[in-house]
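None of these values were measured; they are calculated from a predicted model.
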Amino acid sequence: MERRLLIRDLTLRDGQQSAFATRMTQQQVDRTLPYYREAGFYAMEVWGGAVPDSVMRYLNENPWERLEKIKAAVGDTSKLTALSRGRNLFGYAPYPDDIIDGFCRNSIASGLGIMRIFDALNDVSNVKSTVKYVKAYGGIADCAVCYTIDPHFSVAERLKARLKGKPLPDAVFTDNYFLGKALEMQALGADMITIKDMSGLIQPSRIARLVTLFKKNLGIPLDFHTHCTPGYGLGAVLSAIMSGVDIVDTVIWNFAGGPAAPAVELVYTFCKKLGIEMNVNMEAVAAINRELLEIRRELEPFDAVKQFPKPFDPLTDKLPAEIDRMFDKAIAAASKKDEESLLEACHAIEDYFNFPKPNELVKKAEIPGGMYTNMVAQLKQMNAMDILEEAMKLIPGVRLDAGLPPLVTPTSQIVGAQAVNCALDIKNGKPMYTNVSNQFVSLVKGEYGKTPVPVDPAFRLKIAKVEEETPYDTSRHCRQENPTLTELGGVHLAVNEKEELLLELFPSVAKTFLTNQKEALFQSSYQAEVSRQSVSEVKSEVPITGKVVVSPMPGNVFKILVQPGDTVSSGQEVLILESMKMENSITSEYTGTVKRILTKTGANVPEGGCLIEIDAL
């Protein structure tokens with residue numbers, strides 16, 4: 001019987017997130033959907049991850065409508081999948097069960113078929129609730145084990161740490177560690193398991209071992225997800241296929257490679273040679289790819305690679321003899337477990353088709369490609385690209401300080417943003433960790449769950465003001481405010497459960513998005529001339545005579561915690577600033593009385609921007 005390999009297409013979610021900072025508009029997505037209906041992928045990842053946040057933040061679009069429109073266009077020809085962060089769902093904080101219940105119920109009602117559930121710490125207790133609710137509402141629970149590697153420390157570094165009485169950890173992320181997590185997830189009721197290599201760091205020999213180990217010990221289907229950034233992706237996918245994996249994640253040609261997953265066209269070519277049936281309509285895939293070429297040109301400002309692959313259609317284009325031999329060489333090398341020859345052949349194939357070369361900086365820093373491209377996009381917006389290299393160098397140390405979490409959202413964003421904060425601290429002549437995000441505090445404190453290695457109590461005390469690990473208490477969760485917009489006809493900011501859930505998961509972004517929606521509806525309904533207030537920094541002609549609290553970094557004002565006339569003390573939290581999707585507490589350096597608020601909620605402020613004037617004592 002011919003073996004069949006299932007394909008999960010990532011193009012409309014992880015593909016565009018990794019390569020184009022999640023900037024595909026609904027109109028661009030719509031252009032591909034008639035062809036997707038014909039393509040017949042086993043599954044299409046279209047939602048979750050950064051999509052709900054980004055479509056509101058950057059495109060002023062409704063995340064729920066994106067999912068529903070794709071479902072309406074594709075129907076039941078492919079299962080729609082989303083990426084969920086376990087107890088964090090699609091946001092950056094742990095949530096109580098009633099919110100997880102509501103999100104799973106509404107997601108499946110809107111067309112979702114498979115929820116891929118992971119926890120950024122591989123803390124299996126954090127995926128339990130989502131598994132329960134996804135299955136309760138008829139969805140498929142795909143539980144992901146987050147792959148990561150141990151940091152590399154030299155003998156000198158280990159000796160130095162030991163002499164200080166703080167020895168560095170031995171190997172943590174062993175084959176048995178990952179299998180143990182998968183077995184725990186299967187016991188919870190997982191319908192399938194994914195080995196999720198978000199950093200692209202898994203080498204072909206390692207995935208071959210893991211797939212063999214998992215298939216021997218698990219009784220449910222196995223999926224493999226990786227990226228091409230450090231140069232292992234294509235070889236690793238081939239090794240996984242030849243080791244018996246059931247499903248692989250791919251991206252269509254013009255969005256593939258580099259920071260994204262391998263191209264489905266290359267996987268198809270390997271499968272033809274191996275006699276494996278993919279059961280994908282490659283003519284429809286070619287039609288999608290033609291649309292993607294134009295869409296990629298439209299997304300040029302956000303293109304992290306700016307390197308187009310050479311056109312290729314495996315149904316109509318004949319490979320040059322030398323490149324055809326490289327496919328055969330790769331298969332032979334994978335069969336013999338000859339990793340060096342396998343990677344050499346795969347790199348030759350990718351070079352011929354002009355896919356990006358391995359990114360050595362990402363490989364050395366051990367971070368996901370999507371994390372890297374997001375950092376680049378955000379630093380460009382901050383006009384702070386000069387600190388990128390320093391921030392990248394700091395990531396491994398920040399990660400170890402935080403308990404060695406695997407770098408996947410939200411911990412990738414938390415660690416990445418903190419590395420940027422530390423780089424800014426150094427640039428400004430301040431000690432590292434002078435500025436820490438609220439989310440980094442929560443991670444170190446223990447509110448995200450158990451880290452793979454314990455956080456140093458002294459570091460926890462420094463960052464979180466407690467020595468003992470302190471789990472998140474969901475009973476303390478306070479629902480976001482849902483105010484009445486009296487100036488817009490007296491409607492609530494969120495008018496249904498789906499909008500309330502957006503407010504819960506993305507407070508700052510959803511507030512702006514929903515306000516814009518209600519304003520547009522009010523203007524349309526009443527034909528009123530309501531002009532939006534500018535969110536630019538408030539300018540005052542009155543000279544500043546007091547002391548000023550300034551912004552330590554660029555960002556958006558999320559919440560102002562004081563009012564004119566309030567008495568404040570040095571070190572008191574006076575404002576919350578959102579920067580790089582993290583909330584940062586801004587404190588006063590002065591004791592005195594608040595004289596003026598020099599900004600407003602929602603304002604964009606630059607580094608050094610004036611926030612609050614204080615009459616200091």
If you measure from [atom1] on [X] to [atom2] on [Y], what distance do you get to the nearest 0.5 Å?
X	Y	atom1	atom2	result
Leu12	Thr22	CG	OG1	12.0 Å
Ser569	Tyr590	OG	OH	14.5 Å
Phe513	Glu61	CZ	CD	8.5 Å
Tyr448	Leu121	OH	CG	9.5 Å
Gln16	Thr25	CD	OG1	9.5 Å
Leu501	Ile100	CG	CD1	11.5 Å

Indicate the atoms forming the closest heavy-atom contact of [X] with [Y], along with that distance.
X	Y	value
Ile614	Ser588	CD1-OG, 3.2 Å
Ala82	Phe90	CB-CZ, 4.3 Å
Lys393	Pro396	O-CD, 3.4 Å
Ser437	Asn421	N-ND2, 4.0 Å
Ile586	Pro552	CD1-CD, 3.6 Å
Pro405	Arg399	O-NE, 2.8 Å

Is there a donor-acceptor contact under 3.5 Å from the side chain of [X] to the main chain of [Y]?
X	Y	answer
Asp456	Ala458	yes
Thr593	Gly565	no
Asn482	Ala494	yes
Thr545	Pro543	no
Tyr95	Glu504	yes
Arg460	Val444	yes
Gln517	Thr512	no

Sub-4.5 Å side-chain heavy-atom contact between [X] and [Y]:
X	Y	value
Ile597	Gln563	no
Gln480	Lys511	no
Asp97	Thr474	no
Ser18	His227	yes
Cys104	Lys132	no
Phe558	Asn584	no
Leu514	Met56	no
Glu487	Phe522	no

Is [X] salt-bridged to [Y], going by a charged N under 4.0 Å from an acidic O?
X	Y	answer
Arg596	Asp615	no
Arg105	Glu497	yes
Arg479	Asp98	yes
Glu300	Lys306	yes
Asp123	Arg87	no
Lys547	Glu589	no

Next on the checklist: Tell me whether Lys128 at atom NZ has more than 12 heavy atoms from other residues, nucleotides or ligands lying less than 6.0 Å away.
Outcome noted: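 Atom NZ in Lys128 is not packed in, count stays at 12 or less.
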
Checklist outcome for this item: Exactly one of Val127, Val124, Asp119 clears side-chain contact (heavy atoms from CB on, under 4.5 Å) with Lys181, and that residue is Val124

Checklist entry - For Met115 and Ser107, what are the C-alpha separation, side-chain angles and deciding distance, and is it a side-chain contact (heavy atoms from CB on, under 4.5 Å)? => result CA-CA 9 Å; Met115 186 77 85; Ser107 299; 4.3 Å; yes

Checklist entry - Could you go step by step and tell me if Ile612 and Val562 meet the side-chain contact (heavy atoms from CB on, under 4.5 Å) rule? => result CA-CA 9 Å; Ile612 297 171; Val562 294; 3.8 Å; yes

Item to check | Phe440/Tyr433 under ring-ring contact (aromatic ring centres under 6.0 Å, His included): CA gap, chis, key distance, verdict | outcome: CA-CA 10 Å; Phe440 187 76; Tyr433 299 112; 5.8 Å; yes

Item to check | Evaluation steps, side chain to side chain donor-acceptor pair (under 3.5 Å), between Ser110 and Glu68 | outcome: CA-CA 5 Å; Ser110 292; Glu68 290 157 2; 2.9 Å; yes

Item to check | Stepwise side-chain contact (heavy atoms from CB on, under 4.5 Å) check, Leu521 with Val491 | outcome: CA-CA 10 Å; Leu521 183 63; Val491 298; over 6 Å; no

Checklist entry - Can you tell me if Lys450 and Ser125 form a side-chain donor-acceptor pair at under 3.5 Å? => result no

Next on the checklist: If we count only N and O atoms by modelled type, under 3.5 Å, do the side chains of Gln28 and Glu298 hold a donor and an acceptor together?
Outcome noted: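 The criterion, which ignores hydrogens and geometry beyond distance, is satisfied for Glu298 and Gln28.
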
Checklist entry - Are Arg66 and Leu59 close enough, and set up right, to give a side-chain contact (heavy atoms from CB on, under 4.5 Å), and what steps lead you there? => result CA-CA 12 Å; Arg66 174 158 297 197; Leu59 306 177; 4.0 Å; yes

Next on the checklist: Can you tell me which residue among Gln523, His492, Glu499 is in a side chain to side chain donor-acceptor pair (under 3.5 Å) with Lys518?
Outcome noted: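 Running side chain to side chain donor-acceptor pair (under 3.5 Å) over Gln523, His492, Glu499 with Lys518 returns exactly one hit, Glu499.
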
Checklist entry - Does the side chain to side chain donor-acceptor pair (under 3.5 Å) test come out yes or no for Ser585 and Asn438, once each step is laid out? => result CA-CA 7 Å; Ser585 296; Asn438 293 351; 2.7 Å; yes

Next on the checklist: Students often mix this up, so state it plainly: with edges at 30° and 60°, are the rings of Trp64 and Trp47 parallel, tilted or perpendicular?
Outcome noted: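 It falls in the tilted class, 30° to 60°.
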
